[in-house]
Amino acid sequence: MIEVSGLTKRYGKVVAVDGLTFAVRPGEVTGFLGPNGAGKSTTLRMILGLDAASSGTATVGGRPYSAQPAPLEAVGALLDAGAVLPSRTAYHHLLALAACNGIPRGRVAKVLAEVGLEGVARRRAGTFSLGMRQRLGIAAALLGDPPVLVFDEPLNGLDPEGIVWIRGLMRRMAAEGRAVLMSSHLMSEMELTADHLIVIGRGRLIADTAMATFIDAHSGREVLVRSPQTESLRRLLSSAAEVRADGADGLVVTGVDAAEIGALAAAGAVELHELTPRQPSLEQAFMDLTRDALEYHTAKDSLNGTSAGGDYATMTAADRAAFDPLATSLRGYLVAQIALGLLGGMAITSEYGARTIVSTLTAVPHRARVLAAKAAVLVGVALPVGLLVSVSGFLVGQAALAGADAPHLGLSDPQALRGILGGGLYLTLAALFGLAIGAVIRSTTATVTTLFGAMLIVQAFAPALPRAVGDWVATYWPPIAGGQIITGYRDRALLAPWSGLAVMAGCVAALLTAAFIVFRRRDA
């Protein structure tokens, strides 16, 4: 049995695992779920003593893993299928592990047969496919015949036959009275394999419950209805349930069961051609529960506003009041400002890297003119590109919001015009920001690092800073302040849009002044 109590892991000010408490009991397959970055792998590493906990405990059979006299006979684990010397054969890899724990040699051949690798036991592990390495890792976990098994993504690289095999293996190990803990992103397989679920998000426990209970509690039951009178049926159901279209003659109904729908249709003399309850899935339940615990969202969602638009219907009244259709549709500025900042930086650092700066300054010895010319050309490129990005991002994003029945803006809206024009100016300033940094630093690598630090890393870590410092950064840090130009929702704790852009412009002006001074005085 695995027992975790108050387990916490900090990396500086970042809390990766936050006070987790749960148990993995014998006779069950326990699924360990969470979005990417939730802290699953870190938790498993602390259970196995690979990472030290900042606080809390994790024990196996009442002892920490490091205190087990024969670890492989207490816990079998697969965390990384690549953790094997490529020059060593599968047989000798397992033989070395067996020798370290006093496990009989005959056990090696037995587990190789168990995982289907007896025919390649004498082949070097470096020649194995990912699926074969996964099987070898599972063999290592089974080597000591332990009462507890821990698997991190054991299905990676396995073909369909291998996935069915490992499902059966997990079920059989649990039926023999072992405690099995398994993480996976394949929700369909987890639903078929696990008896119990532990779900975490942002390092915290979200759910610790039986599989069936989890699915019932966290997914809405739906009924598919088909009728030639869909509009009449929609009117009958809309007051009692949530209804959405499914094709020309179908409706998906949430909130009432099939019997109630049938009774309402009969009372209203509506003809039905199909009435099919839909079984809720683990995948949908997991997505519904962990939506707010995601560390990362797809670039498409963040660029065009479809994610926030799709979620608008489920937002609270407070969230709806703060919903900003302008900022939601212009989230692509995060990518665009980095791209144009890099363009500006490389306009000068590339010359130092290729040593063409020598011929440039030989041909044009007036250095101020050289830098001014680069700045002028950069503005000529960045401004139209910035405006194009603004217009296209706005139109795509607002179309997505409109399609999701979320608040949206038109091009004639004053907020939209300010966001598009101001956004173009902001991206131009981002390019000049990169040029100034590049002229001062001269190294492409250092310039790229500085730009990412200034535009991304400082913003990401602002919440972890002391409150006074974090509040100042959130208000006056130039890339953050300048970004207010693309917002429609007014947060009175932050600068007004044009004031924020003025802060960004002042920063760029100061940096360009410094760049001109340094560029004129420094040796080429």
Side-chain angles (χ1 to χ4, degrees), residues 231 234 238 242-246 248 291-292 297-340 379-431 455 459 474-475 478-505:
E231 287 307 315
R234 183 191 292 272
S238 58
E242 179 183 330
V243 183
R244 68 177 190 272
D246 184 85
R291 180 179 290 116
D292 294 333
H297 295 269
T298 62
K300 179 181 177 182
D301 286 351
S302 64
L303 286 174
N304 63 24
T306 57
S307 175
D311 289 345
Y312 183 79
T314 62
M315 287 181 179
T316 65
D319 289 338
R320 289 191 178 194
F323 184 75
D324 187 346
L326 180 62
T328 298
S329 67
L330 293 179
R331 286 175 178 172
Y333 275 84
L334 184 64
V335 176
Q337 70 172 355
I338 290 293
L340 287 171
V379 169
V381 172
L383 184 57
V385 168
L387 291 172
L388 180 62
V389 168
S390 299
V391 173
S392 58
F394 177 84
L395 293 176
V396 172
Q398 296 305 316
L401 292 175
D405 291 329
H408 53 281
L409 305 173
L411 271 175
S412 60
D413 190 286
Q415 283 189 5
L417 295 175
R418 184 253 294 163
I420 291 170
L421 176 59
L425 292 173
Y426 173 76
L427 292 178
T428 304
L429 290 172
M455 293 182 170
Q459 297 186 49
T475 304
I480 299 177
Q484 292 300 309
I485 197 68
I486 64 165
T487 61
Y489 176 75
R490 180 76 174 93
D491 185 342
R492 298 190 180 279
L494 303 176
L495 295 176
W498 289 110
S499 298
L501 190 67
V503 169
M504 179 68 171

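Every value quoted in this text rests on a predicted model; they were computed, and no experiment measured them. Scope of the values below: all heavy atoms of this structure, side chains included, with no hydrogens, waters or symmetry mates.
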> For Leu383, what residues pass the side chain to side chain contact (heavy atoms under 4.5 Å, CB included) criterion, not counting sequence neighbours?
Replying inline: Leu387, Leu425, Thr428
> How many angstroms lie between CD1 in Ile486 and CZ in Phe394, if you round to the nearest 0.5 Å?
Replying inline: 12.0 Å
> In Å, rounded to the nearest 0.5 Å, how long is the span from OG of Ser390 to CG of Leu427?
Replying inline: 5.5 Å
> Which residues satisfy the side chain to side chain contact (heavy atoms under 4.5 Å, CB included) test with Ser392, sequence neighbours excluded?
Replying inline: none
> Which atoms form the tightest heavy-atom contact between Met504 and Leu429, and what is the distance?
Replying inline: CG-CD1, 3.9 Å
> Of all residues at least two apart in sequence or in a different chain, which pass the side chain to side chain contact (heavy atoms under 4.5 Å, CB included) check with Pro479?
Replying inline: Tyr426, Met455, Gln459, Trp477
> Quick one: CG on Leu501 to CG on Leu495, what's the gap to the nearest 0.5 Å?
Replying inline: 11.0 Å
> Among all residues two or more places apart in sequence or in another chain, which pass the side chain to side chain contact (heavy atoms under 4.5 Å, CB included) test with Leu395?
Replying inline: Val391, Leu411
